S.K.: 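Questions regarding the structure given below will be posed in turn.
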Protein chains: 2
Amino acid sequence: MRQVPSDLEIAQAHKLIPIKDIAASIGLDEEDIEYYGRYKAKIRLEVLEKFRDRPNGKYIDVTAITPTPLGEGKTVTTIGLTQALGRLGKKAICTLRQPSMGPVFGIKGGAAGGGYSQVVPMEDINIHFTGDIHAVGQAHNLLAAMIDASILHGNPLGLDPLSIMWPRVVDVNDRALRQIVIGLGGRENGYPRETGFDITVASEVMAILALTTGLHDLRKRLGRIVVGYSYSGKPVTAEDLRAAGAMTVILKEAIKPNLVQTLEGQACIMHAGPFANIAHGQCSILADMIALKLADYVVTESGFGADLGMEKFMNIKCRYSGLRPNCVVVTCTVRALKMHGGVGNVVAGKPLPDEILKENVPAVERGCENLAHMIKIAKYFGVPVLVAINQFTTDTPAEIEAIRQKALEAGAEGAYPITVWADGGAGAIDLAKAVVEACEKPTNFQFLYPDHLSIKEKIEILATKVYNAAGVRYEPLAEKKIALFEEHGWGHLPICMAKTHLSISHDPSLKNVPRDYIFPIRDIRASVGAGFLYPLAGAMRTMPGLPSQPAAFKVDIDEQGRTVGLF
Amino acid sequence: MRQVPSDLEIAQAHKLIPIKDIAASIGLDEEDIEYYGRYKAKIRLEVLEKFRDRPNGKYIDVTAITPTPLGEGKTVTTIGLTQALGRLGKKAICTLRQPSMGPVFGIKGGAAGGGYSQVVPMEDINIHFTGDIHAVGQAHNLLAAMIDASILHGNPLGLDPLSIMWPRVVDVNDRALRQIVIGLGGRENGYPRETGFDITVASEVMAILALTTGLHDLRKRLGRIVVGYSYSGKPVTAEDLRAAGAMTVILKEAIKPNLVQTLEGQACIMHAGPFANIAHGQCSILADMIALKLADYVVTESGFGADLGMEKFMNIKCRYSGLRPNCVVVTCTVRALKMHGGVGNVVAGKPLPDEILKENVPAVERGCENLAHMIKIAKYFGVPVLVAINQFTTDTPAEIEAIRQKALEAGAEGAYPITVWADGGAGAIDLAKAVVEACEKPTNFQFLYPDHLSIKEKIEILATKVYNAAGVRYEPLAEKKIALFEEHGWGHLPICMAKTHLSISHDPSLKNVPRDYIFPIRDIRASVGAGFLYPLAGAMRTMPGLPSQPAAFKVDIDEQGRTVGLF
């Protein structure tokens, strides 16, 4: 493989196509879009009506095996595959989540792909983009201020301050705000109470933006947000606080999906970016709905591994959208499979151990158990599965062949090495051809559980079938709240498990396919507006911190005013 | 006067001109602007180079007498006058501050003009606009997070946590965040300390954005921000914390002024919105610099009365921009002059007292002392002064004539009733003609004080000449900090007085022209990045709260998805 320049260098050297022409290439005219500078646009929701009678394109979800802390290249695969479909002459669009600015200035790492499989304009996408995350934060924080103002101004809803579950949010990695006391300074500043800030993308408002199907649906979902309970135990909503209308108006532009482009000139619709543990971790339903009307192939990505992101894609996103995938692509790397096979420990920020760089076919084969499990999960949903092997220069032909064999044994339609980071779309031609073929196969889509099962029944299906556990243990708090949630009539909501992405189980140290263990549920929370319950199987961090040498140290402008040091 | 619909109804019923055509009308082509939707654009800073050799247009500052809590219509006058100049066939642009979203959802009141003298698109301008305020908040809060991270990660700068003067910010009226304790929850969340949130527009970053003359200047000013002191008493800057480069990159789009339009199709450049008490309260220097290259007449507005906003416009903004005004317009109303004349008390949210609606020429005449004082302040700077009488239906010809006489006696070039709220530009034709004439007169511009005077000498000039005080009293804290600031080499900076806008003095209850009193300085603070010192003459609120019936209650979408209830 060639020497590949930095992501920022590639992105800055790239000559972008005016977004007007990208729009035209997918059949959108001037009336359908709103410009944000020369290379970004928002797509008006009216296009859904305009193209209502068109059949949907094929819908491909890119997921992964249980990743190392470095990630296995899902976004790069998603973009590279889209570019490869373009090279086959297919009309393809990728739909992606929007990155959060917190990590951009925290620990190095972008979220717009990498190498020659990026979406651009890279700087804009990583910094502010079209302002959607700011709008989410603004709507979220207005509700927060209205909660404390309501309590101060006579507390007409009888809201119990100790029951409030609605934090504030900021799009910065700021650990000092995780746990705070507000309302100090006497009577005119209100009642002191303990609370905290999450990072904006962890807001339920972001999950709502991602799951909504239109402006009026958005209005309703925002109204259903439960912020706490009254002294008599009644859930208090954003509607009760008379905040949902203003929140909707704040989100009126943010609801429109954003149009950008891949380095090879395909359209990319990038919209919403909910957390992948306490939320479902996917780009918006509206992005997918629109893309499916405009392209023959829509490649989307779900966060983390198939046990987490893809499961939620199927059980939550597809449940609310009514859309059905035609094919799943499971991304893996030789290094991650070796790690699952018991060789080498991958730690973020440290060099890879030597043993992980040397050929070791038996370790790869052992690690393929994890891959096989992911294929099995995808097949529960009745959809054909392909495997993408994100290739590195140290991978050997024997290792690649071992993966291919194991993938086929597990029921995949095929497994293809890809080199999209170094080669762009040209690095995934075989995978793209296989995707086209797989999308012609019949599917037999089904959810893992119907709405009407009890909360515990749903959790148990996930634990045993997806997480390979022998059973579930509920801590007393979880028991109590499950009963309460059923009582409130929220039992019909789908489950959005909050668990580590570094293991199929709840324990990040358990690699490959853990078995014969009990899956523990510590607590359960409700995102009634977004429309899911999220049981907690471990401590989930909703506000990252800055490291001692944050990425922000290196970011600056040069003599010509150009950005430097971003990735 | 006619029945005038609500601001939102007028704005929504108005057929906007595509921003491309507005840009063309002031000589900007596609390369000079970046679209934000159909009716907003950012202007690239390269236009300053492109039009460098053009002479500047005439520069008009709109200010006011000491207002009632309702305001006397400065923004409406600024927009109406611009529209009137347009009706005279002049090429006119108004430059305005961008409104903060906090008040939009707090206490009813927009900041894009009103009636038939508005800038549009009104909804966008009041909600998010082009995201500049969000960018300011993001840059501000990144620095805040980097401060606490630096202390946690070994405190290499020896920053004394008790000395930190850099709060966090949010663009919401949220009184519960005024005084908080952060960093709770144990070692991994850092050191607990007391701090607070300001509203975003009170950030020094906003003042910097308003006072900068270009991207590299912005970079330097951000680096000079002083966030606190080391244990040895050395100022610690954003540069020391290695945050200024990233902050600059975060502000790279926000530095470009925004183009919108008046209801009568003039260009309006709306950019930056610093507080008018703890900061200088003007739109950006860049907005004015660009506008002066593109129009024959540029009408801008300075916050509050001539003693506060106009004085800062002259002594701070013009000092940094090098620009010089050709004319000042002092806005007044009969009701405010009556109040200064001792009749009626105007309270926000309550109906006007009857006595203020009845003819009372003697009261108006007494109140004209305030107007005369404002004219005198403007004339200190060597610039011709005109008076705009923002007319209400209850004003009588005798009252108007009394104002005219008193204005002429005080040295104004003329005084003209205007009805721009009800009539748009047609309501200010006489004023516009007088402005055109006044702008041809020679000016003899001078600052009230040179850079090299001591901090106390500068304060004393302001107190005696502008605030009409007999002297100045410094509290011990102020004495100590003035000495410290001189020692740090900040004595050359201009003074940005933080005082009430409801009186020429420090005391809001002292109406008309207070005299024979001592002006008290409680404390003094430094915005070294923005480039001014701000003495505090009273308690300045930098975070508003929500009232019991916030404007947010009424904001919603209707069946058609249109915004309702905004103003």
Side-chain angles (χ1 to χ4, degrees), chain A residues 34-38 42 101 105 127-128 131 134-135 138 141-142 144-146 148-149 152-154 168 170-185 188-190 194 215-216 219 242-243 245-246 248-250 252-253 545-546 548 550 552-553 555-557 561 563 565-566, chain B residues 34-38 42 101 105 127-128 131 134-135 138 141-142 144-146 148-149 152-154 168 170-185 188-190 194 215-216 219 242-243 245-246 248-250 252-253 545-546 548 550 552-553 555-557 561 563 565-566:
Chain A
E34 293 168 5
Y35 296 109
Y36 278 66
R38 285 168 171 62
K42 281 199 164 279
M101 226 182 307
F105 295 105
I127 300 179
H128 305 309
H134 294 311
Q138 191 71 22
N141 288 334
L142 177 64
M146 289 175 79
D148 284 291
L152 176 66
H153 295 300
R168 285 166 174 81
V170 66
D171 194 22
V172 176
N173 286 9
D174 193 351
R175 65 164 68 70
L177 295 179
R178 281 175 189 155
Q179 221 172 310
I180 66 176
V181 172
I182 63 170
L184 300 174
E188 68 182 22
N189 295 348
E194 203 171 316
L215 191 62
H216 291 283
R219 173 69 184 76
R242 301 176 63 186
T248 306
V249 170
I250 289 173
K252 264 185 89 173
E253 296 305 309
L546 290 174
S548 60
F553 278 2
V555 179
D556 211 330
I557 54 166
T563 300
L566 199 63
Chain B
E34 293 168 5
Y35 296 109
Y36 277 66
R38 284 169 171 64
K42 281 198 165 281
M101 225 182 306
F105 295 105
I127 300 179
H128 307 307
H134 294 312
Q138 191 71 21
N141 288 336
L142 176 63
M146 288 176 78
D148 284 292
L152 177 66
H153 294 300
R168 284 168 174 79
V170 67
D171 195 22
V172 176
N173 287 9
D174 193 352
R175 65 163 67 73
L177 295 179
R178 282 175 188 155
Q179 220 172 311
I180 66 175
V181 172
I182 64 169
L184 300 173
E188 68 182 23
N189 295 348
E194 203 172 315
L215 192 61
H216 292 283
R219 172 69 184 76
R242 301 175 63 185
T248 306
V249 170
I250 289 173
K252 265 186 88 174
E253 296 306 308
L546 289 174
S548 60
F553 278 2
V555 179
D556 210 331
I557 55 167
T563 299
L566 198 63

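Only this structure's heavy atoms are used, side chains among them; waters, hydrogens and symmetry mates stay out. Predicted model only: the values in this text are computed from it and were never measured. Residue numbers begin at 1 in each chain, while the letters A, B, ... track the order of the sequences.
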S.K.: Hey, which of Glu253(B), Glu34(B), His153(B) has the most heavy atom pairs under 4.5 Å with chain A?
M.R.: His153(B)

S.K.: Quick check on His128(B) against chain A: is it the side chain, the backbone, both or neither that has a heavy atom closer than 4.5 Å?
M.R.: side chain

S.K.: So do the side chains of Ile127(B) and Val249(A) get within less than 4.5 Å of each other, counting heavy atoms only?
M.R.: yes

S.K.: Below 4.5 Å from any heavy atom of chain A, which atoms of Ala135(B) appear? Answer side chain, backbone, both or neither.
M.R.: both

S.K.: Hey, does the side chain of Arg175(B) reach the backbone of Glu188(A) with a donor-acceptor pair shorter than 3.5 angstrom?
M.R.: yes

S.K.: How close do Ala246(A) and Ala552(B) get, heavy atom to heavy atom, and via which atoms?
M.R.: CB-O, 3.7 Å

S.K.: Counting only heavy atoms closer than 4.5 Å, note whether Ser548(B) contacts chain A via side chain, backbone, both or neither.
M.R.: both

S.K.: At a 4.5 Å cut-off on heavy atoms, which part of Asp171(A) comes close to chain B: side chain, backbone, both, or neither?
M.R.: both

S.K.: Measuring heavy-atom distances to chain B, does Leu546(A) have an atom under 4.5 Å in its side chain, in its backbone, in both, or in neither?
M.R.: both

S.K.: Just say parallel, tilted or perpendicular for the rings of Tyr35(A) and Tyr35(B), cut-offs at 30° and 60°.
M.R.: tilted

S.K.: Could you have a look at Gly190(B), Gly183(B), Ala243(B) and say which one has the most heavy-atom pairs with chain A under 4.5 angstrom?
M.R.: Gly183(B)

S.K.: Are any non-hydrogen side-chain atoms of Leu177(A) and Arg168(B) less than 4.5 angstrom apart?
M.R.: yes

S.K.: What residue, out of Lys42(B), Gln179(B), Met146(B), has the most heavy-atom pairs lying under 4.5 Å from chain A?
M.R.: Gln179(B)

S.K.: Heavy-atom cut-off 4.5 Å, strictly under: side chain, backbone, both or neither for Thr248(A) against chain B?
M.R.: side chain

S.K.: Do you know which of Asp148(B), Val170(B), Ile250(B) has the most heavy-atom pairs under 4.5 Å to chain A?
M.R.: Ile250(B)

S.K.: For a 4.5 angstrom cut-off between non-hydrogen side-chain atoms, does Val181(A) reach Leu184(B)?
M.R.: yes

S.K.: If you define the side chain from C-beta out and look only at heavy atoms, does anything of Asn141(B) sit under 4.5 Å from Asp174(A)?
M.R.: no

S.K.: Check each atom of Asn189(B) against the heavy atoms of chain A and say whether the ones under 4.5 Å are side chain, backbone, both or neither.
M.R.: both

S.K.: State, yes or no, whether a side-chain contact exists between Leu142(A) and Met101(B) at a heavy-atom distance under 4.5 Å.
M.R.: no

S.K.: Among Ala176(A), Ala149(A), Gly154(A), which has the most heavy-atom pairs under 4.5 Å with chain B?
M.R.: Ala176(A)

S.K.: Which distance, rounded to the nearest 0.5 Å, do you find between the NZ of Lys252(B) and the OG1 of Thr563(A)?
M.R.: 3.0 Å

S.K.: Which pair of non-hydrogen atoms, one from Val172(B) and one from Ala145(A), has the smallest distance, and what is that distance?
M.R.: CG1-CB, 3.6 Å

